[in-house]
Every structure is written in C-alpha cells, then in structure tokens.
Amino acid sequence: VIAHFGNPWLLDAASVVLKNPNVFVDLSGLIVGSFKSHEILHLQKGYFDYLKCALDYLYSYDKLLYASDWPFAPIHEYISLVKTIIPVEYHSDVFFYNALKVFPRIKKLL
C-alpha cells in the first residue's frame, strides 16, 4: 500500500499501481489540519485537479483505499472530501471492499 497516494508524486504512484497487481494506494494525507471539504476544494483547486488527473490515469477505483490520517485532519470532513472526489458508485469499494482485498483476514472478524 502506497500511503498518501504517494503525495506529491501522485502520477508516479498511479503508474506503479497500474503496473503491479499487488500494489494499492490509500487516500490519507491529502489534506491535513482543520478544513471544510467544500472550501478546501475551491482553495486548493490546482492540487485537486492534479489528483483528479492521477485518478483518471488509473481509470479504475478498485485499488484505492480510504484512509484519513486522523487525528491530523477532522474525520467527518475528510470522509466528505473523499466522497466528493470519488464517484458515488465506487464509494462502497473505496470505503470498504478494496480493503478486504489487501487485508483478507479481516473478513472473518466482520
């Protein structure tokens, strides 16, 4: 798992993910500190455009994992931010199912 999506090397991390079936990225550490998700998307538009470019390069959401970097970012706002970045049809994968691919032993604990 590449933490922080390789931030600031987002495209490099996406390339590694594409070329290696056993490599995933988590979405932690994209933003730290206190923020409101709708405001930060506007204030740091260039950064999120770059992140969107890396996500488009992957052309798939099956190797993305939700992670928050809590307590360095407010968890509810971070969830809201990730929900804004990821299309709704992939939320259950990014927030749950993809983690089961990486950590299959968790299944018996659920």
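Each residue takes its place number in the sequence, starting with 1.
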Nearest 0.5 Å, what's the [atom1]-[atom2] distance between [X] and [Y]?
| X | Y | atom1 | atom2 | result |
| --- | --- | --- | --- | --- |
| Leu30 | Asp69 | CG | CG | 8.5 Å |
| Phe35 | Ile31 | CZ | CD1 | 6.5 Å |
| Lys83 | Ile85 | NZ | CD1 | 13.0 Å |

Closest heavy-atom pair and its distance - [X], [Y]:
| X | Y | result |
| --- | --- | --- |
| Ile86 | Tyr90 | CG2-CB, 3.8 Å |
| Tyr78 | Gly29 | OH-N, 3.2 Å |
| Gly6 | Ile2 | N-CG2, 3.5 Å |
| Ala14 | Ala54 | CB-O, 3.9 Å |
| Ser34 | Pro74 | CA-CD, 4.1 Å |
| Tyr59 | Leu18 | CE2-CD2, 4.1 Å |

Please say whether more than 12 non-hydrogen atoms of neighbouring residues, nucleotides or ligands are located less than 6.0 Å from NZ in Lys52.
->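 Incorrect, the count does not exceed 12.
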
OH/Tyr47: more than 12 non-hydrogen atoms of other groups inside 6.0 Å | yes

Same apolar cluster (I L V M F W Y, side chains within < 4.5 Å links), Ile79/Tyr97 | no

Hey, any chance Val16 and Tyr61 share a hydrophobic cluster, counting ILVMFWY side chains that come within less than 4.5 Å of each other, even indirectly?
->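 As far as the 4.5 Å side-chain criterion goes, Tyr61 and Val16 are connected within one cluster.
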
Identify which one of Asp26, Leu58, Leu65, Val17 satisfies the side-chain contact (heavy atoms from CB on, under 4.5 Å) criterion when paired with Phe5.
->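 Among Asp26, Leu58, Leu65, Val17, the one that satisfies the side-chain contact (heavy atoms from CB on, under 4.5 Å) with Phe5 is Leu58.
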
Would you indicate whether the side-chain heavy atoms of Thr84 and His38 approach each other to under 4.5 Å?
-> no

Heavy-atom side-chain proximity of Tyr50 to Leu10 below 4.5 angstrom |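 When only atoms from C-beta onward are counted, Leu10 and Tyr50 do touch, with a gap below 4.5 Å.
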
